[in-house]
Protein chains: 2
Amino acid sequence: MTDAKPMRADARRNYERLLAEARRAFAERGVDASLEDIARNAGVGIGTLYRHFPAREDLVETLLRERFDTQAEKARELLVAEDPLEALYAWLIGFGETSAVYRGLTEMLADAFDDPESRLHASCDAMRDAASQLVDRAQAAGVFRTDVTVQELLLLLHGASWAGSHLPGTGGTERLMALVFTGLQTSEQRGQRAVSAPR
Amino acid sequence: MTDAKPMRADARRNYERLLAEARRAFAERGVDASLEDIARNAGVGIGTLYRHFPAREDLVETLLRERFDTQAEKARELLVAEDPLEALYAWLIGFGETSAVYRGLTEMLADAFDDPESRLHASCDAMRDAASQLVDRAQAAGVFRTDVTVQELLLLLHGASWAGSHLPGTGGTERLMALVFTGLQTSEQRGQRAVSAPR
DNA sequence: TACTATACGGAGGAACCCTCCGATTTGTCA
DNA sequence: TGACAAATCGGAGGGTTCCTCCGTATAGTA
């Protein structure tokens, strides 16, 4: 887990510059942004970019890892929350935001889920495991459908998050996710309370 | 609406060949398939492809138009079906299938929805208008939430369809769409009946 | 058959991907 | 401090795809 060797000063500097520039480019143009542009704007040769990040996925993964870890951590915290349903919902909203940071990320994440070789796969996996316990707890409490797998849940909410980001105005993502979530509670719960009131 | 002038025989022949090859390529490799490959495999020069279809979107649009028209037609038929909720659900399932024919179509369709200049936009619009009446009817009957717009509905189901296609095995799409649909019925309906029983 | 509108097809410039390797820089040790 | 080796840099270059432009070929017509 520890970095085997500390990077040389120039390497570290360029690494940081590339990350900063990639963050900007992906936010502006989506995850398909030109890598040559990123290298140029970071004031670095294209070779340098490829040495630090052999594949586009590595770049995305590095940028997302922090968020993924945060999500996994959040899941652990929410595991002791009072209300299992509220806890799961709160976590999913965060997940939705994470999965919509860059345009085009949706497809990339879904592919990473499918492909164990993918660089993003490991990060996704860790997050999914954390979420899994949250789901188990809600299901055990009888407030969440037991015929839905974690994978289905995440994929579906991911899709809802994506759909929301294509809606005009703000709040679309949370709204659509809430709508979907409603359908996933057990029938008794659905009638009795709303986890969140879509506007 | 009528074709202004009939195409020359060779033009028509190449046009058809390109469509057939594009259908194959998009199905195999998604909507990002190489246009030069398509032209080559159709036994036609790249220039010919671009004359018939100035943009990739034009090619996709031509292939999808038929499906879109079918969907719009189906909406009109279902308008007189006995059960408004069943009718809407049946239509949405068909919509989900249509929106998942080619890998990568999801993003393209969403962009077309947003951009009125897009070649796909007109086709989408016609379909949405047809769906709109189906939704109105279900809402008037008090069985479908009134705080959901047609755009939200289509985008959300489109997302569910996409999510389903990333699930292993078959039937994922219909299953996820059913889950989402459940959450969109009015509370009374949700408790009373299931439109379709997800496995 | 001859003529013209129509259609064909590929050369070519631009953007991007990714690899490879000679040049440069950093950190260290005497 | 100076010199050396390991680490790093950066861009030339080969490949792919996109799209345009225009000289050549062909279908349809009189």
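Chain naming here is simple, since letters A, B, ... match the order of the sequence lines and numbering starts at 1 in each.
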K.L.:
Please tell me if B:Asn14 has a side-chain N or O lying less than 4.0 Å from either OP1 or OP2 of C:dA7.
P.N.:
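The answer is no; no side-chain N or O of B:Asn14 sits under 4.0 Å from OP1 or OP2.
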K.L.:
I want to check one thing: is the phosphate of D:dT16, taken as OP1 and OP2, less than 4.0 Å away from some side-chain N or O of B:Ser34?
P.N.:
no
K.L.:
Tell me: CG of A:Leu49 to C1' of C:dC18, nearest whole Å?
P.N.:
11 Å
K.L.:
Name the residue closer to the 5' end of DNA chain C, choosing between A:Leu35 and A:Gly47 according to the nucleotide with the nearest heavy atom.
P.N.:
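Comparing both residues, the 5'-ward one is A:Leu35.
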K.L.:
Taking the side chain as everything from C-beta on, heavy atoms only, tell me whether B:Leu105 gets closer than 4.5 Å to B:Phe26.
P.N.:
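SC-SC contact between B:Leu105 and B:Phe26 ruled out.
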K.L.:
Take atom CD1 of A:Ile46 and atom P of D:dC9, then tell me their distance rounded to the nearest Å.
P.N.:
13 Å
K.L.:
Rounded to whole angstrom units, what separation is found between the CZ atom of B:Arg12 and the C1' atom of C:dT6?
P.N.:
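Taking atom C1' of C:dT6 as the reference, CZ of B:Arg12 is at 15 Å.
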K.L.:
Between C:dG9 atom P and B:Arg17 atom CZ, what is the distance in whole Å?
P.N.:
9 Å
K.L.:
Between A:Glu61 and A:Arg119, does at least one N-O distance fall below 4.0 Å, as a salt bridge requires?
P.N.:
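Judged by the 4.0 Å cut-off on N to carboxylate O distance, A:Glu61 and A:Arg119 do form a salt bridge.
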K.L.:
Report yes if a donor N or O on one partner sits less than 3.5 Å from an acceptor N or O on the other, where the partners are the side chain of B:Arg8 and the base of C:dA7; otherwise report no.
P.N.:
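Looking at the base of C:dA7, it does not pair with any donor or acceptor on the side chain of B:Arg8 (distance under 3.5 Å).
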K.L.:
Charged N to carboxylate O below 4.0 Å: is that the case for B:Glu28 and B:Arg24?
P.N.:
yes
K.L.:
Provide, to the nearest angstrom, the distance between the CE atom belonging to A:Met7 and the P atom belonging to D:dT8.
P.N.:
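That distance rounds to 7 Å.
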K.L.:
B:Phe144 and B:Phe181: aromatic ring centres closer than 6.0 Å?
P.N.:
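They qualify: ring centres under 6.0 Å apart.
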K.L.:
For atom CZ of B:Arg103, is the number of surrounding heavy atoms from other residues, nucleotides or ligands below 6.0 Å larger than 12?
P.N.:
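Result for CZ/B:Arg103: open.
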K.L.:
Describe, in one word, how the ring planes of A:Trp162 and B:His158 are oriented to each other, choosing from parallel (under 30°), tilted (30 to 60°) and perpendicular (over 60°).
P.N.:
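Because their plane-to-plane angle lies in the 30° to 60° range, the rings of A:Trp162 and B:His158 count as tilted.
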K.L.:
Does B:Thr48 put a side-chain nitrogen or oxygen below 4.0 Å from OP1 or OP2 of C:dG9?
P.N.:
yes
K.L.:
Measure the distance from CZ on B:Arg40 to P on C:dA11 and round it to the nearest whole Å.
P.N.:
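Nearest whole value for this atom pair: 12 Å.
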K.L.:
CG of A:Asp10 versus P of D:dA6: gap in Å, rounded?
P.N.:
17 Å
K.L.:
Between B:Lys74 and B:Glu77, is there a salt bridge with N-O shorter than 4.0 Å?
P.N.:
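Looking at B:Lys74 together with B:Glu77, the answer is no, because their closest N to O distance does not fall below 4.0 Å.
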K.L.:
Taking DNA chain D as the partner, which of residues 52-64 of chain B come within under 4.0 angstrom of it by heavy atom?
P.N.:
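Going residue by residue through residues 52-64 of chain B, the ones with a heavy atom under 4.0 Å of DNA chain D turn out to be B:Arg56.
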K.L.:
Whole Å only: how far is the CZ atom of B:Arg51 from the C1' atom of D:dC21?
P.N.:
11 Å
